[in-house]
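Below is one structure; the comments refer to it alone.
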Amino acid sequence: MVVLAKPAALEQITLLRTPEPWESFSGIPAVDLSGPDAAADVVRACERFGFFSVVNHGVPAGVVDRLEAEAVRFFASSQAEKDASGPADPFGYGSKRIGRNGDMGWVEYLLLAIERDALSKASPAPTSALRDAINAYVGAMRGLARTVLEMVAEGLGVSPRGALADMVTGDVASDQVFRLNHYPPCPLLQGLPPNCSVTGFGEHTDPQLVSILHSNGTPGLQVALHDGRWVSVPPNRDAFFVNVGDSLQVLTNGRLRSVRHRVVAGNGLKSRVSMIYFGGPPLAQRIAPLPQLLAGTPLYREFTWGEYKKAAYRSRLGDNRLAPFETPLVAMAHADHHRS
Ligand SMILES: C=C1C[C@]23C[C@@]1(O)CC[C@H]2[C@@]12CC[C@H](O)[C@@](C)(C(=O)O1)[C@H]2[C@@H]3C(=O)O
Ligand SMILES: O=C(O)CCC(=O)C(=O)O
Ligand SMILES: [Fe+2]
């Protein structure tokens, strides 16, 4: 990453000169959820990338299109109207500031809490049309999260098959979050070298078990491969993208690893709009390597999701949030690795 001199208006947002920011990586696996080998394919994709797309997912295009149209309408409304749903603390409308600890991006968003299968009553959804569209969409995402987590369990040989899925969709108290992100083109990049982009959403891993993302056809999402290389994800309006989160990494004792990802915004003509469902468990849920997956040493000590979430909200976006939960042997091995 090269950090460049930049226009003052970009404040504390990091500019990136990524090697080939818009060159798409063709290696992201696409899993056909209706196929006979779907469970094995899901696990293979999670092991290799912690990230994959799903096709033949059964989510009606109308549910997605309706929400996208409402999201576009919301982000196109006046600043005063949007601010009426803010500030994001953590829920609500936010612009440029992500979280409470100084992270900044070229993005505006709505971050909302989900209770059971709908927006929580306390969540500020500006219009009833947007609220209804989100509720329909979230219902579909809960179904998809359940399918994916059942396949993860099946592919890993965890029983019962619903053990992971139940943490997210089987408990009325599960901690689900929904986010709409809007990355407008960044005109301030004009005059800078063509391979310059601005940080839309800085690199991070998602703390939950899984996140499911959909975006309009505008590129910008990048994921880090296991060798540390950043690659651009080719957008696909017909697919959903699944991220392995930190909690699933712990539950599988590191067999599946959460994926570092980020969004870069360019100077193109089109905005990027994304919608992400984050599947977390109830606050009291104990997170520890599942005994069935514990062949050797546990890499993580047990904690509750509530404990992890509290620590996450005190961290910066790019922090390794799992480090404080590693068992001493693993922490020592990491320290050796960094010294050598
Ligand atoms: C900087 C932060 C924003 C975040 C909370 C945190 O302190 C660290 C984790 C961030 C993240 C990343 C994934 C999701 O977008 C998110 C909602 C989450 O659960 O963890 C965000 C948090 C946020 O934007 O509030
Ligand atoms: O907006 C995107 O495409 C991804 C954003 C993201 O990673 C997040 O909100 O956690
Ligand atoms: Fe994310």
Side-chain angles (χ1 to χ4, degrees), residues 12-14 28 50-51 53 68 71 75 86-114 123 141 168 174-184 197-224 230 232-237 239-249 258-266 270-281 283 305-306 308-324:
Q12 300 126 37
I13 303 178
T14 308
I28 303 288
F51 184 83
S53 67
E68 199 176 289
F75 288 121
D89 186 29
F91 299 117
Y93 169 79
S95 173
K96 297 202 181 92
R97 278 172 211 290
I98 300 170
R100 299 173 178 148
N101 308 312
D103 289 287
M104 304 284 284
W106 189 257
V107 63
E108 57 176 345
Y109 60 88
L110 254 183
L111 186 59
L112 302 163
I114 307 295
S123 267
M141 290 306 103
V168 174
S174 65
D175 187 20
Q176 308 158 90
V177 174
F178 181 68
R179 170 165 219 141
L180 289 172
N181 287 331
H182 173 224
Y183 305 89
S197 12
V198 65
T199 299
F201 206 110
E203 68 172 272
H204 65 283
T205 58
D206 293 345
Q208 295 82 0
L209 274 79
V210 280
S211 323
I212 305 180
L213 177 147
H214 188 273
S215 74
N216 65 348
T218 306
L221 179 63
Q222 300 185 335
V223 296
W230 283 98
S232 296
V233 177
N236 179 356
R237 288 202 84 251
F240 292 90
F241 290 90
V242 178
N243 280 359
V244 170
D246 297 340
S247 302
L248 194 53
Q249 174 166 333
S258 57
V259 60
R260 287 188 89 72
H261 55 286
R262 66 184 181 192
V263 177
V264 298
K270 266 192 77 189
S271 289
R272 173 180 170 84
V273 175
S274 57
M275 30 187 97
I276 308 120
Y277 165 85
F278 300 95
L283 293 180
W305 167 246
Y308 191 63
K309 195 177 169 188
K310 201 164 150 198
Y313 273 89
R314 285 204 213 100
S315 69
R316 295 290 299 261
L317 208 44
D319 288 349
N320 173 6
R321 281 176 276 281
L322 280 178

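The model shown is predicted, which means the values in this text are computed figures rather than measured ones. When a ligand or atom number is given, it counts from 1 through the structure's own listing order.
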Considering residues, nucleotides and ligands other than K270, do more than 12 of their heavy atoms fall under 6.0 Å from its NZ?
yes
Quick one: look at R262 and ligand 2, take heavy-atom pairs under 4.0 Å, and tell me if it's side chain, backbone, both or neither.
neither
Which of parallel (below 30°), tilted (30 to 60°) and perpendicular (above 60°) describes F51 and F241?
parallel
Contacting atoms of ligand 1, where contact means under 4.0 angstrom from a heavy atom of H204:
12 (C)
Report the nearest protein non-hydrogen atom to atom 3 (O) of ligand 2: residue, atom name, distance rounded to 0.1 Å.
R272 NH2, 2.7 Å
min-distance protein heavy atom vs atom 19 (O) of ligand 1 -> Q208 NE2, 2.9 Å
Of the choices G99, P90, A312, G318, which has the non-hydrogen atom that lies closest to atom 8 (C) of ligand 1?
A312
Salt-bridge criterion met for D103 and R316 (N-O under 4.0 Å):
yes
Atom 5 (C) of ligand 2 - nearest protein heavy atom and its distance:
N181 ND2, 3.4 Å
Just need the protein heavy atom nearest to atom 9 (O) of ligand 2, so name the residue and atom and give the distance.
R179 CD, 3.1 Å
Around atom 25 (O) of ligand 1, find the nearest protein heavy atom and jot down its residue, atom name and distance.
Y313 CE2, 3.2 Å
Any idea which part of D206 is under 4.0 Å from ligand 2, heavy-atom wise: side chain, backbone, both or neither?
side chain
If you measure every N or O of D206 against every N or O of ligand 1, does any of those distances drop under 3.5 Å?
no
Please work out which of R100, R179, R321 has its closest non-hydrogen atom nearest to atom 16 (C) of ligand 1.
R179
Note the single closest protein heavy atom to atom 10 (O) of ligand 2, along with its residue, its atom name and the distance in Å.
H204 NE2, 3.1 Å
With the Fe ion (ligand 3) as the point of reference, which N/O/S atom of D206 is the closest?
OD1
Does the structure place the NZ or CZ of R179 under 6.0 Å from the centre of the six-membered ring of Y109, at an angle of no more than 45° from the ring's axis?
yes
Strictly by modelled atom types, are S258 and Q249 linked by a side-chain donor-acceptor pair under 3.5 Å?
yes
At under 4.0 Å between heavy atoms, what of L111 touches ligand 1? The answer is side chain
Atom CZ of F75 and atom OH of Y183: how far apart are they, to the nearest 0.5 Å?
9.5 Å
Between R260 and G318, is there a donor-acceptor pair closer than 3.5 Å when you use the side chain of the first and the backbone of the second?
yes
Element-labelled atoms of ligand 1 that are located less than 4.0 Å from some non-hydrogen atom of D103
1 (C)
Counting heavy atoms only, which part of V107 comes closer than 4.0 Å to ligand 2: side chain, backbone, both or neither?
neither
For ligand 2, which part of F278 has a heavy atom less than 4.0 Å away: the side chain, the backbone, both, or neither?
side chain
Any side-chain to backbone donor/acceptor pair from H204 onto G202? Under 3.5 Å, distance only.
yes
Which atoms of ligand 1 sit under 4.0 Å from any heavy atom of P207?
13 (C), 18 (C), 19 (O), 20 (O)
Can you confirm, on distance only, whether ligand 1 has an N/O atom lying under 3.5 Å from any N/O atom belonging to S315?
yes
